[in-house]
Amino acid sequence: MAKKVLVSGGAGYIGSHVTVELISAGYDVVVADNLSNCDMTCFDGVKKITGRDDIPFYQIDCCDYDAVDTLFTEHKIDAVIHFAAFKAVGESVAKPIKYYRNNLVSFLNILEVSKNHGGCNVLFSSSATVYGEAEVLPVTEQTPRLPATSPYGNTKQMCEDILRDVVKATASSSEEIRGIALRYFNPIGAHPSALIGELPRGVPNNLVPFITQTAIGKRECLSIFGNDYPTEDGTCLRDYIDVVDLAKAHVAAVTRMLGGKMKENYEIFNIGTGRPVSVYELVTAFEKVNGLKLNYKFVDRRPGDVTAIWADTTLANEELGWKAERSVEETLASAWAWERNL
Ligand code: UD1
């Protein structure tokens with residue numbers, strides 16, 4: 001029988017891509033989402049792409065313990081991929097209580113319910129933000145984490161630690177939790193079908209949705225934050241990972257957990273391409289691949305941005321048997337196709 005994976009936050013940007021890849025790899029998927037930061041657009045897209053009209057969908061808030069418990073009673077869940085969290089860095093600085101309550105309570109509920117239902121495999125969506133402004137690049141999983149500069153970043157670090165501790169406390173018991181934290185670099189792009197993609201509410205915080213919205217005329221001008229960084233062209237360096245490649249990393253990680261292939265009951269993997277790309281390079285690549293001119297200007301640095309971060313992906317490549325495959329050009333073309341389709 002197919003193994004069953006709960007995707008919390010499965011109607012969102014990354015969750016919807018992961019749902020598609022899980023289903024095409026033969027998993028049964030249950031989606032839980034409170035639709036606080038998305039609508040049903042992507043979930044409808046998932047149904048179209050997979051041709052599956054029967055994916056169980058629970059419109060619940062994972063902060064509601066009883067609702068999560070009911071879901072686990074109705075389904076025998078073999079693994080959970082937990083996305084359900086707030087993710088706007090700036091908002092988290094202004095509203096720390098909202099962020100700590102939501103991001104921590106929902107994850108604690110997932111863990112406690114998993115434990116009470118006889119243990120589970122739990123994959124947590126962490127972030128490269130845990131590394132902060134790293135001294136040595138690229139960063140490996142052993143690179144020390146630095147103090148978080150936002151409540152959002154802090155919740156990522158705290159959830160990693162909570163998972164580690166719960167895994168330790170439940171080891172070899174009838175409530176065993178095994179955990180993997182995937183540290184994403186900068187997820188961008190959309191599914192090649194252009195039926196699912198990033199759907200930011202209001203003004204986008206992240207670079208690529210701002211680029212595509214500027215290109216389509218929803219925004220007047222892209223502001224490039226800082227051109228006086230100590231990099232070749234003066235703009236920041238990031239590791240932009242295609243969202244479909246990222247989704248496939250989740251399938252590899254879940255398969256590793258369910259197949260008993262983990263070397264430790266709690267593991268961490270960097271999920272990136274291993275290639276640094278500057279903001280300016282990304283903007284010009286977008287123009288070139290899509291044959292258009294983007295209205296942009298250089299403005300002051302954005303507070304809290306690090307100069308450069310990219311991943312050493314050796315561990316994920318070797319242990320998960322996974323590698324990022326799509327080129328940044330393909331990814332930028334997919335982001336543009338999605339924006340036009342909206
Ligand atoms: C941020 C979060 C990260 C999160 C990621 C995806 C931090 C410090 N960063 O990463 O945790 O996982 O979003 O949601 O917590 N830029 C512009 N103009 C814009 C927007 C961005 O020039 O309008 C630049 C930024 O200065 C940065 C790069 O583009 O150099 C990428 O920015 P963004 O997409 O917001 O991602 P990060 O800040 O790297």
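Just so you know, ligand 1 is whichever comes first in the structure, and atom 1 is the first atom listed for that ligand.
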Chemist: Give me the residue, atom name and distance of the protein heavy atom closest to atom 24 (C) of ligand 1.
Modeler: Val279 CG2, 3.9 Å
Chemist: Aromatic rings His117 and Phe72: how do their planes relate, parallel, tilted or perpendicular, breaks at 30° and 60°?
Modeler: tilted
Chemist: Look at atom 35 (O) of ligand 1 and say which protein heavy atom is nearest, naming residue and atom and giving the distance to 0.1 Å.
Modeler: Arg302 NH2, 2.8 Å
Chemist: By number and element, which atoms of ligand 1 are closer than 4.0 Å to a non-hydrogen atom of Asp305?
Modeler: 25 (C), 26 (O), 38 (O)
Chemist: Within a distance under 4.0 Å of any heavy atom of Asn186, pick out the atoms of ligand 1 and give their elements.
Modeler: 10 (O), 31 (C), 36 (O), 37 (P), 39 (O)
Chemist: Do any N/O atoms on Gly304 end up under 3.5 angstrom from N/O atoms on ligand 1?
Modeler: no
Chemist: In the protein, which heavy atom is nearest to atom 3 (C) of ligand 1, and how far is it?
Modeler: Ser127 OG, 4.0 Å
Chemist: Any atoms of ligand 1 less than 4.0 Å from a non-hydrogen atom of Ser223? List them with their elements.
Modeler: 17 (C), 18 (N), 19 (C), 22 (O), 23 (O)
Chemist: Counting the benzene-type ring for Trp, do His250 and Tyr184 have ring centres under 6.0 Å apart?
Modeler: yes
Chemist: Please list, in number order, the atoms of ligand 1 under 4.0 Å from a heavy atom of Cys236.
Modeler: 30 (O)
Chemist: Show me which atoms of ligand 1 lie under 4.0 Å from any heavy atom of Asn205.
Modeler: 20 (C), 35 (O)
Chemist: Using a 4.0 Å cutoff against the non-hydrogen atoms of Ile224, which atoms of ligand 1 qualify?
Modeler: 22 (O)
Chemist: Just to confirm my output: which protein heavy-atom neighbour is closest to atom 5 (C) of ligand 1, and how far is it?
Modeler: Asn206 ND2, 4.0 Å
Chemist: Do Pro200 and Gln213 have side-chain heavy atoms sitting under 4.5 Å apart?
Modeler: yes
Chemist: Do me a favour and list the nearest non-hydrogen protein atom to atom 15 (O) of ligand 1 with residue, atom name and distance?
Modeler: Thr129 OG1, 2.9 Å
Chemist: How far is atom 16 (N) of ligand 1 from its nearest protein heavy atom, and which residue and atom name does that atom have?
Modeler: Phe225 CD1, 3.6 Å
Chemist: May I ask you to identify the nearest protein heavy atom to atom 39 (O) of ligand 1, giving residue, atom name and distance to one decimal place in Å?
Modeler: Arg238 NE, 2.6 Å
Chemist: Start with the C-alpha gap between Asn121 and Arg178, add the side-chain angles, then the distance that decides, and say whether side-chain hydrogen bond (donor to acceptor under 3.5 Å, both in side chains) holds.
Modeler: CA-CA 5 Å; Asn121 298 283; Arg178 284 165 301 274; 2.7 Å; yes
Chemist: Nearest to atom 9 (N) of ligand 1 by heavy atom, Leu237, Ile188, Val89: which?
Modeler: Val89
Chemist: Mind telling me whether Tyr58 and His75 have parallel, tilted or perpendicular rings, with 30° and 60° as the class edges?
Modeler: perpendicular
Chemist: Between Tyr240 and ligand 1, which part of the residue brings a heavy atom under 4.0 Å of the ligand: side chain, backbone, both or neither?
Modeler: side chain
Chemist: Where is the nearest protein heavy atom to atom 4 (C) of ligand 1: which residue, which atom, and how far?
Modeler: Tyr152 OH, 3.6 Å
